[in-house]
Amino acid sequence: MTAREHDVAREQSRVVAIIPARGGSKGVPGKNLRRVGGVPLVARAIAAAKASPAIDLVVVSTDDETIAAVAREWGATVVERPDAISGDTATSESALLHALDVLESAGTRTRTLAFLQATSPFIDTDALTTAVAEVEAGRTDSAFSAVETYGFLWRTEADGGASGVNHDAAHRPRRQDREPHFLETGAFYVMDAAGFREAGHRFFGRIRIVEVPENTAIEIDTAEELDVARAMAAAGLRSIAPTPIDGPIDVDAVITDFDGVHTDDRALVDADGTEFVRVSRSDGMGVALLRRAGVPVVILSTERNPVVSTRARKLGVHVAQGLDDKATALVEWAAQQGIPLHRLAYVGNDVNDLACLELVGWPIAVPESHPLVLAAARTVLTASGGAGAVREVAERVLAARGIAPDSPSAAPAAPTMRSNA
């Protein structure tokens with residue numbers, strides 16, 4: 001091949017990220033669809049790859065229809081993985097090689113392969129971009145993410161005793177006097193595609209470590225690790241750019257809780273037991289704008305209270321009350337309307353909203369929400385419940401449709417509604 005032919009071939013090939021994501025998982029059932037920061041794990045990996053300017057195409061290899069639907073929603077190309085390489089004993093390499101073959105048969109040649117794992121929820125996009133650059137420049141054949149460690153590793157011998165792996169147990173030098181080791185994180189591996197095909201393994205030729213921050217190193221293989229990752233996301237650690245505070249919310253319907261969302265979660269009770277709650281005229285205008293744009297709004301409430309019915313009637317929205325299982329009601333309503341769950345937003349504030357938040361594409365929390373709700377949310381609103389939260393959601397949904405709000409800002413006064421319960 002001449003130099004010119006080589007250049008042409010290179011121009012016609014692409015940098016491809018492949019994310020293998022099986023449907024089966026014994027440690028954490030449905031693991032690749034479990035959510036961290038309100039976003040499915042496979043979607044987080046897709047978003048991290050798409051955020052890298054070095055990657056041309058993002059592909060998900062899966063045997064699961066739901067994973068495939070989520071992957072397409074987040075902008076990935078889907079390769080259907082055959083059963084023969086979808087079992088517990090199937091290797092990641094087999095899925096990668098199969099995906100490369102499928103892509104090539106469809107006319108997509110891969111020159112550099114980035115292998116991302118959805119079980120790593122905090123993939124460092126900058127480090128991924130660096131790894132691609134190293135392979136693209138020919139400085140290495142295979143690069144992978146790792147964290148620096150000075151840990152003393154041990155192994156158990158056949159007799160039950162312990163012996164040092166990376167150190168002499170009789171010699172304990174200070175940290176500053178030791179050479180570091182590197183722990184593979186599993187987040188990403190970047191390889192020359194031709195070299196990978198020849199070797200059949202992710203490590204070959206010249207291998208280079210790409211360091212990533214230690215707090216991104218968590219891999220999810222157990223329920224406990226999933227809980228830790230969710231707590232880390234709630235605390236602000238994200239591998240993908242967080243949803244802007246005023247960024248668009250692209251959905252086809254908005255479902256909300258009532259208490260704590262349309263109200264400030266407080267009630268005044270008079271001597272006769274009559275309850276009063278405060279609601280926002282601004283929220284009412286937000287609902288009106290959504291309805292005018294053809295976006296349905298639904299209120300789901302665990303409590304049964306005339307004030308909820310009165311407010312829903314005034315807003316002109318569907319309401320279901322006294323629900324022991326709001327998630328089932330949500331699924332049934334969505335099915336009746338023909339709206340996929342990933343095209344729904346749900347706004348909640350307390351633990352009885354968690355099941356609904358796990359179902360929808362846009363789980364949303366008000367700022368005063370229970371910590372578990374904040375951890376489950378894809379975005380946390382700036383406006384409080386009963387003080388413009390619903391209006392904020394409305395404006396962001398309209399923004400996704402290219403519709404500018406055509407009404408005044410929130411009214412300064414909030415009306416009081418009386419319940420005869």
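Below, each value reflects all heavy atoms present in this structure, side chains not excepted, and no hydrogens, waters or symmetry copies.
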Are any of the side-chain heavy atoms of I364 and I249 separated by less than 4.5 Å? yes
Side-chain heavy-atom pair V59, L57 within 4.5 angstrom cut-off: yes
Assess whether a salt bridge exists between R401 and D252, defined as any Lys/Arg side-chain N lying under 4.0 Å from an Asp/Glu carboxylate O. yes
I would like to know whether E211 and F182 meet side-chain contact (heavy atoms from CB on, under 4.5 Å); could you show each step before the answer? CA-CA 8 Å; E211 289 189 55; F182 290 88; 3.5 Å; yes
Using a 3.5 Å distance criterion without hydrogens, assess whether the side chain of E104 forms a donor-acceptor pair with backbone atoms of R109. no
Please check this pair: side chain of T263 against backbone of G260, looking for a donor-acceptor N/O pair closer than 3.5 Å. yes
I'd like to check I339 versus L344 (side-chain heavy atoms, cut-off strictly below 4.5 Å). Are they in contact? yes
Sequence neighbours excluded - salt bridge (Lys or Arg N to Asp or Glu O under 4.0 Å) pairs with any residue from residues 356-370: R230-E358
Let me confirm one number: the CD-OG distance from E392 to S384, rounded to the nearest 0.5 Å. 9.5 Å
Name every donor-acceptor pair, under 3.5 Å, that has one atom in a side chain of residues 146-155 and the other anywhere in the protein, sequence neighbours excluded.
{"from": "T149", "atom 1": "OG1", "to": "G151", "atom 2": "N", "distance (Å)": "3.0"}
{"from": "R155", "atom 1": "NE", "to": "E157", "atom 2": "OE2", "distance (Å)": "3.3"}
{"from": "R155", "atom 1": "NE", "to": "S163", "atom 2": "OG", "distance (Å)": "3.4"}

Got a second to check how far L315's CG is from D283's CG, nearest 0.5 Å? 8.5 Å
Just to verify, what does R291 make a side-chain hydrogen bond (donor to acceptor under 3.5 Å, both in side chains) with, not counting sequence neighbours? none
For Y189, check ring pair (Phe, Tyr, Trp, His ring centres under 6.0 Å) against everything at least two apart and list the hits. F115, F203
Check whether any side-chain heavy atom of L100 sits under 4.5 Å from a side-chain heavy atom of L113, and report yes or no. yes
Are the side chain of R44 and the backbone N or O of A118 linked by a donor-acceptor pair below 3.5 Å? no
Checking D353 now: which residues fulfil salt bridge (Lys or Arg N to Asp or Glu O under 4.0 Å) with it, not counting sequence neighbours? K326
Salt bridge or not between R197 and D101? Use side-chain N to carboxylate O under 4.0 Å. yes
Interatomic distance, M232 atom CE to D227 atom CG [nearest 0.5 angstrom]: 13.0 Å
Those residues at least two apart in sequence (or on a different chain) that pass side-chain hydrogen bond (donor to acceptor under 3.5 Å, both in side chains) with E134 are R139, R208
Does any N or O in the side chain of D56 come within less than 3.5 Å of the main-chain N or O of V15, such that one atom is a donor and the other an acceptor? yes
Output yes when a side-chain donor or acceptor of N305 lies under 3.5 Å from a complementary backbone atom of V308, and no otherwise. no
Might you work through the side chain to side chain donor-acceptor pair (under 3.5 Å) test for S61 and H98, ending with a clear yes or no? CA-CA 9 Å; S61 166; H98 171 261; 5.0 Å; no
Provide the closest heavy-atom pair for P173 versus H171 in the form atom of the first, atom of the second, distance. CD-O, 3.1 Å
Minimum heavy-atom separation for T185 to A217, with atom names? CG2-CB, 3.9 Å
What's the spacing between R391 CZ and L289 CG if we round to 0.5 Å? 5.5 Å
Would you check if F122 and N215 make a side-chain contact, meaning some heavy-atom pair closer than 4.5 Å? no
Looking at side-chain heavy atoms only, is the closest gap between V70 and L33 below 4.5 Å? yes
Distance (rounded to the nearest 0.5 Å) between S280 OG and H262 NE2: 10.5 Å
Please find the pair of heavy atoms, one from R34 and one from P29, that lie closest to each other, and give the distance. NH1-O, 3.3 Å
I'd like to know if the side chain of E136 and the backbone of V132 have a donor-acceptor N/O pair within less than 3.5 Å. no
Under the 3.5 angstrom rule, does the side chain of S120 hit a backbone N or O of I123 as a donor-acceptor pair? no
Output yes when a side-chain donor or acceptor of T256 lies under 3.5 Å from a complementary backbone atom of F258, and no otherwise. no
Kindly write out the residues that satisfy side-chain hydrogen bond (donor to acceptor under 3.5 Å, both in side chains) with D126, not counting sequence neighbours, or none if the list is empty. none
Using the side-chain contact (heavy atoms from CB on, under 4.5 Å) criterion, which residues pair with A76? Sequence neighbours excluded. I46, V58, V60, A71
Interatomic distance, D63 atom CG to E80 atom CD [nearest 0.5 angstrom]: 10.0 Å
Test I55 against K50 for side-chain contact (heavy atoms from CB on, under 4.5 Å), laying out the working first. CA-CA 7 Å; I55 291 176; K50 289 179 72 68; over 6 Å; no
Do the side-chain N and O atoms of T62 and R81 include a donor-acceptor pair separated by under 3.5 angstrom? no
Say whether S52 and T125, considering side chains only, have a donor N or O and an acceptor N or O under 3.5 Å apart. no
Going by side-chain hydrogen bond (donor to acceptor under 3.5 Å, both in side chains), name the residues that satisfy it together with T302, two or more places apart in sequence or in a different chain. N352
Flag the pair I299 / V317 as yes when at least one side-chain heavy-atom distance between them is below 4.5 Å, and no otherwise. yes
Chi angles and distances behind the side-chain contact (heavy atoms from CB on, under 4.5 Å) call for V254, V393: CA-CA 8 Å; V254 175; V393 172; 4.1 Å; yes
So which heavy atom on A49 is nearest to which on L116, and how close? CB-CD2, 3.7 Å
Short side-chain to backbone donor-acceptor contact, R206 and G138, under 3.5 Å: yes
All heavy atoms of A114 vs all of L128, minimum pair found to be CB-CD1, 4.3 Å
Go through it in stages, so that I can follow the logic: the residues are Q321 and S309, the test is side chain to side chain donor-acceptor pair (under 3.5 Å), and I'd like the CA-CA distance, side-chain angles, deciding distance and then a yes or no. CA-CA 8 Å; Q321 298 186 66; S309 301; 2.5 Å; yes
Residues two or more places apart in sequence or in another chain: which of them pass salt bridge (Lys or Arg N to Asp or Glu O under 4.0 Å) with R202? E93
Residues L41, K31; criterion side-chain contact (heavy atoms from CB on, under 4.5 Å); working and verdict: CA-CA 8 Å; L41 286 172; K31 177 171 59 180; 4.2 Å; yes
Go through the structure and list residues passing salt bridge (Lys or Arg N to Asp or Glu O under 4.0 Å) with D350, not counting sequence neighbours. none
For A90, does its backbone N or O pair with a side-chain atom of S94 as donor and acceptor, under 3.5 Å? no
Minimum-distance pair of heavy atoms, taken over all atoms of P121 and I220: CG-CD1, 3.9 Å
Would you call T110 and I18 a side-chain contact if the rule is heavy atoms closer than 4.5 Å? no
Partners meeting salt bridge (Lys or Arg N to Asp or Glu O under 4.0 Å) with D88 (sequence neighbours left out): R22, K26
I'd like to know if R343 and E73 make a salt bridge, using a cut-off of under 4.0 Å between side-chain N and carboxylate O. no
